[in-house]
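Data block below; observations after.
Heavy atoms only: backbone and side chains are in, while hydrogens, waters and symmetry mates are out.
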Amino acid sequence: MVRLGRMDIRMEMEGNRFLRRLDRWMAWGLLAALFVYAWFRIGPDLIYFTFGTYSRYPQHEPGWAFFAKTVSLSGGLVLYVGGILSQLFVVPWLGAGAMAFTTGLVYAAVRGLPLHWGGLRRWAGWAPVILLMMIWQQYDHPMNLAVGLAMNLGMAALLLQFRWPVRPIRMAAFVAAMGLLTWWTAAISAIFALVMVLDAVLARRRILEGIFLVLSAAGLMWGLGVWVFCQEPMDVWLRLTPFHPAAQGELTEFSRRLATAAFFFAPMAFGLSELAYWIWNRIKPKAALKSRGQAIRSSGWRRIAVSVAWRIGFVAAAGWGLRYSHQVNDISDMNPLVLRAGQAVRMEDWQRAVDAAMELKRRGIFFQSVNHDADRALAQMGQLGDRMFEFPQDLSALLYYNIQDEGSVVWFDKYGGLMFDLGYMNSAEHMTTEILELEGPMPHVLDRLAWIARIKRQDAAARVFETVLSRQIAHRLAQALRPGADGTLDIPDQRLDQLTQCMPTQDREIRDTAPDELMLTLLANQPKNRMAFDYLMAYYLLTFQQDKVVSQFYRLKELGFQRIPRHYAEAALIARDKTRGQIDMQGWQIDPEIEKQYRAITGRAKESRMDRRKMAEALAPEFGNSYFFYSMFHASGVGR
C-alpha cells in the first residue's frame, strides 16, 4: 500500500483549495459573461418579439385566479414560473438576467448530483447551460425546459444527499417527489426518475429497487396524467419535453437537437460516471491509489496547471459553440436582423426597419418578410416611390398576401398591421382578433384593438382592451423601463385624426377585392391618403401597368409631391415608348438623369446579343435597383 506523507497531503489540500476557488471564480465569471452576452449579443427583446408570432406566447397574469388555474394543470408550475420569467424579456437586461438565473439553477442542480471525479462534476454542469444558450441564440425559447430541468435535477440532487438506510423511507420519498414533479413539470419528471433509477442500479447495486422505481414512476405519470389531468397518452409521456409535436413545431431542427442533448445530458453524465467508477474500482483499485500517490509526489503545481489549461479549453469550446450557433442562425429566417426589422415596424420605428433591411442587403440576404417591412417603412417615410426597388419586389412582399402564409399568426400580424396603417380598420380588427383568439392577450394585440376601437369611436370597447392591457406584466415593465418595447404605440392626435378620416364608410370583403380596387376605395374616401396612393402605384408597377401609373399623376400635387418620384418617372418613360409618345404627363416633367439612365439601359440591352439571363446578370450591378430592370426582366435585380 502507498502511504501519503504530510507534505503530500498538504500539497493536495492546497491544490484542492486553489481549484475550489478557481471553480467559484469560473462559475460566477461565466454566468456574468453569459449575462452580458445575452444582453448585448442575443438581445432578449428580440426573443420577446417572436412570442405569439413565431413561437407560443407565454401568458401570465397577476392574481390568484390565474395562478390557481395554471397550477391546476399538469406542468402548471413550470408554465407559471416560465411565464413570469419570459415576460422579463421585453427589457433586454431583465431578459438576460432571467436567462442567467435559470441556467444558473440548472448548473447548480447538476453540480449537486453526486458525480464521481471532481473534474467531471466541474464541467458537466456547464454543458446544459451552454446548450440552452445556444437555443436562445437561435431565437427559440427553451425557458420552460430550463425551469423543468432545474426543478427535476435539483430534486434528484436533494434526495441523493440523504442515504436513508430504510428502504420504505426511500421509496416513500421517491413516490412523493415523483408525484409532485409530475404535477409541476409534466413529462420532464422522467429526468428525475431516470437519475434516481441510475443511482439505485449503478451506485447502490439494488436492481429490484431500480425496477420498483421504474414501475412506480411510470404508474404515477400514467395515473396522474389520465385520471387526474385527463391527458391524452401522448401528453402523458411528452408534455413540455422537446419531443412533443407542439414543441417540435416551435423549434428549428437544430434547436430540437440541442434541446434533446440538454434534456438527456445530466442523466447520461451521471450514469456514465457511476458505471466508469464501478468498472475502475473493480479492475484496478490498487493501481488507482498508487497512481494517485505518484501524481501528488510528482508536482502539485503541474496538476493545477493542467486543471487551469483544461478550464481555458472548456471556455474556448463554449465560445466556439455559441459562435457556431450564431452562424447557423445567420442563414435562417430567425436572423436577428429579420427580427429587428419586424420589431421596428411593430414599434413604428421606420428608419430602424429600413436600416435592418439595408444591412441584410449588404450581406446578400433577403427575406420576404423583411422586404414587406421595408416597403411599409418606406411608405410611412414617403420614400416608396423612390426606393422600393432597392429590395427584391413582388406582390407577396408588398402586400404579404401569400396563400402559403394565409391563416398563420405571422400573416395575421403583418397584414393586419398594413391594413391599420392604410386606414382599413374593419379588416385590421378582423386580423388582430384572430391573433387574440390564437395566442391570447398579448400587449401589442390589445393595444392595436384599443386604438381601432378609439378610431371607430367605440370608447367602451377601447376601455375594456386598455384595462386588460394594464394588467400585463410585460406592458407594465415596458412602460416603466422601455416604453413601446412591447409593441404598444403612442399615436399623436394628428395621426389619430388622419387614420379616422382614412377609414372608409362602407366596408368590403378583402378576399373578393383586388388590391388596386381596395386602394382606389380608400382614395375615394380620403384623397389625401398618401400611403394608399403609394401602394396603388406600387401595385401598378409590379403588374406592369405603366399607363395606369401615369393616369394617377393628377393626384401628385394634392398629395404634396414637388416632383415625380423616381420609379413613377421610370414607368412614365416606359409608357411613353409603348404609346409612341401619346401620353399625358399632366404637366409634370421627368428628371433628365432618369431619362439618361433609361437610354443607357435600353441601348445596352439592344447592343447585347447574350441570352436574357446573362444580360440580366450583366446589367444588374448598375441598374438592378431601377424599375427599368424590373420591367425588362420581370424580376428584381437586387441580390444578383
Side-chain angles (χ1 to χ4, degrees), residues 375 378-379 382-395 397-399 514-521 523-524 527 530 532-638 640:
D375 286 345
L378 289 173
Q383 301 175 14
L384 188 64
D386 289 305
R387 299 182 58 188
M388 66 178 287
F389 288 98
E390 291 182 10
F391 308 99
Q393 293 295 339
D394 55 36
L395 287 178
L398 180 70
L399 300 173
D516 57 337
E517 294 179 9
L518 172 63
M519 304 307 163
L520 288 170
T521 300
L523 287 168
R530 169 69 181 268
F533 173 77
D534 280 334
Y535 268 78
L536 173 66
M537 300 292 268
Y539 175 80
Y540 286 154
L541 291 173
L542 294 178
T543 53
F544 311 104
Q545 301 182 68
Q546 295 91 357
D547 56 332
K548 290 189 176 180
V549 171
V550 179
S551 71
Q552 296 295 319
F553 279 5
Y554 74 92
R555 299 182 188 270
L556 292 175
K557 185 174 295 185
E558 186 178 7
L559 288 167
F561 286 89
Q562 301 298 317
R563 60 176 178 83
I564 304 177
R566 174 192 175 187
H567 299 317
Y568 306 164
E570 291 171 331
L573 288 172
I574 296 171
R576 188 178 66 183
D577 270 10
K578 286 182 176 180
T579 61
R580 301 183 182 274
Q582 301 301 314
I583 183 173
D584 183 7
M585 293 293 296
Q586 303 177 41
W588 291 92
Q589 299 296 320
I590 296 176
D591 188 336
E593 287 297 322
I594 298 176
E595 291 200 51
K596 181 179 178 180
Q597 188 182 44
Y598 180 54
R599 288 194 299 269
I601 189 173
T602 53
R604 288 178 57 179
K606 290 176 181 178
E607 293 172 0
S608 176
R609 296 183 179 180
M610 63 183 70
D611 61 46
R612 288 181 61 81
R613 184 180 63 82
K614 292 182 178 180
M615 184 168 59
E617 292 177 354
L619 295 175
E622 185 176 354
F623 305 103
N625 64 350
S626 69
Y627 180 64
F628 296 140
F629 187 98
Y630 183 87
S631 64
M632 185 178 295
F633 298 102
H634 291 200
S636 176
V638 178
R640 285 179 176 268

Would you say [X] and [Y] make side-chain contact, with heavy atoms under 4.5 Å?
| X | Y | answer |
| --- | --- | --- |
| Arg566 | Gln597 | yes |
| Met585 | Phe553 | yes |
| Val638 | Phe391 | no |
| Val550 | Arg576 | no |
| Asp547 | Thr579 | no |

- Is the distance between the ring centroids of Phe628 and Phe623 less than 6.0 Å? no

- Given Phe389, which of Tyr630, Phe629, Tyr568 fulfils the ring pair (Phe, Tyr, Trp, His ring centres under 6.0 Å) condition? Tyr630

Where [X] and [Y] come nearest, the two heavy atoms and their spacing:
| X | Y | answer |
| --- | --- | --- |
| Ala569 | Ile564 | N-CG2, 3.5 Å |
| Phe544 | Tyr627 | CA-OH, 3.7 Å |
| Ala397 | Gln393 | CB-OE1, 4.5 Å |
| Ile583 | Ala572 | CD1-O, 3.8 Å |
| Ala620 | Gly637 | CB-O, 3.6 Å |

- Contacts of Lys578 meeting side chain to side chain donor-acceptor pair (under 3.5 Å) (sequence neighbours excluded), chain-then-number -> Gln546

- Message: Going by the rule side chain to side chain donor-acceptor pair (under 3.5 Å), which residues pair with Tyr535 if we only count those two or more places apart in sequence or in a different chain?
- Response: none

- Query: What pairs with Asp534 under salt bridge (charged side-chain N to carboxylate O under 4.0 Å, His left out), at least two apart in sequence or on another chain?
  - Reply: Arg530

